[in-house]
Amino acid sequence: MFNLSLSPPQIEFVLKPGISLTQAYQVTNNSQQSIILNTEVLPFVPQGDNGSVSYSSLLANPNISFSLNNADLKLGQPFTLSPKESRQLVLKIKASPQTELADYYSTFFIYQTVDTSANDRNISQSTGKIGSHVLLSVSTSEFPQTNGQVKKFITTPKIKDVFFTKINFSIQIQNKTNYFFKSLGKITIFKNEKIIKQLNLNSQNVLANHNRSLLCENQTACTLSPPLWPGKYTATLEFNSNLNVPSSSTSFFVLPLSPIALILLISSLIYFLYWTKKKNIPNKV
């Protein structure tokens, strides 16, 4: 049974052209049997706006090279881990001097294979895979400049009851540069210029020249729960100033819909009972 762990699950580096770096990984076989493993690095591009990715070897950049810095192991060379055994793998990444200044995204994969040579077939069959994302920014600056814009910031519903239904905030941001940034920011809800509540955004990677739908802290949806006083509310979306993303605002209204409906229902019931009782009173001679 495939039961493998790999740490760290993601690395992020800024690298100057012509420079190399190394990253140590710890891979552990958590199963009760020995397993044969292998390694590979595959480039990826973002797919959609929810953090999904798409892999293709055709995306490989010849100016970015990967290798293992272990003395006894090369990238793509099988090795065996005994039950509960851990091993350190050192990934080396190098950017040639000709590397274009931009982001490059890959995943360092470790996958299990099954040796089928006993069946007179000199092939291996992949049975499981685990990976660590490599987000590499090739730049002459330690802190590459970024900027973006808010593509969507809306609330649903626009008109809600004081007691029922939540206010949901939908957010989509666009990265307009060649370098990824993290969605560090907050939503501030105001009523009559008074802060009602603040919602911190979850720190998600917004990849280069791509859109990303955002969530709030702990990977939860951004919502505002009732009860709320009646009136007009304004929500402002702000990001850390170093991201260079302009703020955005939206409004919604809270009305006493359920109290009004209850009052109308009670009034109608009283009116109905009154006329029913009046009809049942006999006329006096």
Side-chain angles (χ1 to χ4, degrees), residues 46-52 145-177 179-278:
Q47 189 76 25
D49 62 2
N50 63 352
S52 298
Q145 288 294 314
T146 62
N147 70 78
Q149 70 179 49
V150 177
K151 296 289 290 183
K152 180 174 71 173
F153 181 47
I154 59 174
T155 61
T156 52
K158 279 289 187 181
I159 299 176
K160 74 170 295 295
D161 180 62
V162 291
F163 295 116
F164 301 104
T165 71
K166 296 178 179 180
I167 287 290
N168 299 297
F169 299 97
S170 297
I171 310 164
Q172 188 182 85
I173 186 174
Q174 180 186 30
N175 184 344
K176 300 172 69 176
T177 67
Y179 299 102
F180 79 93
F181 59 76
K182 295 186 178 296
S183 57
L184 302 175
K186 62 185 178 181
I187 302 172
T188 307
I189 298 97
F190 299 89
K191 183 178 184 294
N192 300 327
E193 300 184 354
K194 179 182 177 181
I195 296 177
I196 302 302
K197 191 170 183 179
Q198 286 188 338
L199 303 172
N200 293 322
L201 297 179
N202 196 63
S203 180
Q204 298 167 259
N205 287 324
V206 185
L207 300 186
N209 300 298
H210 199 71
N211 296 346
R212 182 72 187 265
S213 294
L214 302 183
L215 298 173
C216 279
E217 279 184 323
N218 302 318
Q219 294 284 347
T220 58
C222 299
T223 61
L224 182 63
S225 299
L228 296 169
W229 287 103
K232 179 182 178 181
Y233 290 75
T234 300
T236 300
L237 174 64
E238 297 176 297
F239 293 89
N240 283 18
S241 58
N242 63 301
L243 299 181
N244 297 312
V245 179
S247 61
S248 180
S249 296
T250 185
S251 298
F252 60 94
F253 296 88
V254 176
L255 301 178
L257 301 177
S258 58
I260 291 175
L262 182 60
I263 291 172
L264 291 175
L265 179 63
I266 294 174
S267 300
S268 299
L269 182 60
I270 293 174
Y271 181 81
F272 174 77
L273 293 175
Y274 170 78
W275 281 105
T276 301
K277 183 175 180 181
K278 186 175 181 180

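Both backbone and side-chain heavy atoms feed into the values below; hydrogens, waters and symmetry mates do not. All of these numbers come straight from a predicted model, not from anything done at the bench. Residue numbers start at 1 and run along the sequence shown.
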**Item:** Residues which pass side chain to side chain donor-acceptor pair (under 3.5 Å) with T236, listed by chain and number, not counting sequence neighbours
**Value:** S249
**T165, L224, L255 screened by side chain to side chain contact (heavy atoms under 4.5 Å, CB included) with K160, the one that passes** = T165
**Message:** How long is the straight-line distance from CD1 of I159 back to CZ of F253, given to the nearest 0.5 Å?
**Reply:** 7.0 Å
**Item:** Test side-chain contact (heavy atoms from CB on, under 4.5 Å) applied to I173 and L237, step by step
**Value:** CA-CA 11 Å; I173 186 174; L237 174 64; over 6 Å; no
**Asked** Partners of K166 by salt bridge (Lys or Arg N to Asp or Glu O under 4.0 Å), sequence neighbours excluded?
**Response** none
**Fill in**
Taken to the nearest 0.5 Å, the spacing of I187 CD1 from S247 OG works out to 12.5 Å
**Item:** Partners passing side chain to side chain contact (heavy atoms under 4.5 Å, CB included) against T250 (at least two apart in sequence or in another chain)
**Value:** F153, T155, K158, A235
**Non-hydrogen side-chain atoms of V206 and T146 separated by less than 4.5 Å** = no
**Message:** Main chain of L215, side chain of T220: is a donor-acceptor contact present, judged purely on distance under 3.5 Å?
**Reply:** no
**Complete:** side chain to side chain donor-acceptor pair (under 3.5 Å) filter on S225, not counting sequence neighbours, yields none
**Asked** Does N168 have any side chain to side chain donor-acceptor pair (under 3.5 Å) partners at least two apart in sequence or in another chain, and if so, which?
**Response** none
**Asked** Atom CD1 in I154, atom NZ in K152: separation rounded to 0.5 Å?
**Response** 5.0 Å
**Message:** Could you work out, with side chain to side chain donor-acceptor pair (under 3.5 Å) as the rule, every residue matching S203, not counting sequence neighbours?
**Reply:** none
**Item:** Spacing of K197 atom NZ and I189 atom CD1 [to the nearest 0.5 Å]
**Value:** 7.5 Å
**Asked** Taking the side chain from N175 and the backbone from T177, do they hold a donor-acceptor pair closer than 3.5 Å?
**Response** yes
**Minimum side-chain heavy-atom gap T234-S251 below 4.5 Å** = yes
**Fill in**
Closest non-hydrogen atoms of F169 and I167, given as atom of the first, atom of the second and distance, are CZ-CG2, 3.7 Å
**side chain to side chain contact (heavy atoms under 4.5 Å, CB included) against S213, all qualifying residues, sequence neighbours excluded** = D49, Q172
**Residue pair R212 / N50: nearest heavy atoms and the distance that separates them** = NE-C, 3.7 Å
**Message:** Tell me the closest heavy-atom pair linking V254 and L228, and the distance in Å.
**Reply:** CG1-O, 3.7 Å
**Request:** With sequence neighbours excluded, tell me which residues meet side chain to side chain contact (heavy atoms under 4.5 Å, CB included) with N240.
**Result:** L184, N242, L243
**K176 side chain to N209 side chain, donor-acceptor N/O pair below 3.5 angstrom** = no
**Item:** Pairs flagged by ring-ring contact (aromatic ring centres under 6.0 Å, His included) wherever residues 180-210 is involved - sequence neighbours left out
**Value:** none
**Pairs involving residues 216-254, ordered by first then second residue, that meet disulfide bond (SG atoms under 2.5 Å apart) (sequence neighbours left out)** = C216-C222
**Message:** Checking K186 now: which residues fulfil side chain to side chain contact (heavy atoms under 4.5 Å, CB included) with it, not counting sequence neighbours?
**Reply:** T188, Q198, N200, E238
**Request:** Could you name each residue pair satisfying ring-ring contact (aromatic ring centres under 6.0 Å, His included) that touches residues 220-240, not counting sequence neighbours?
**Result:** Y233-F252
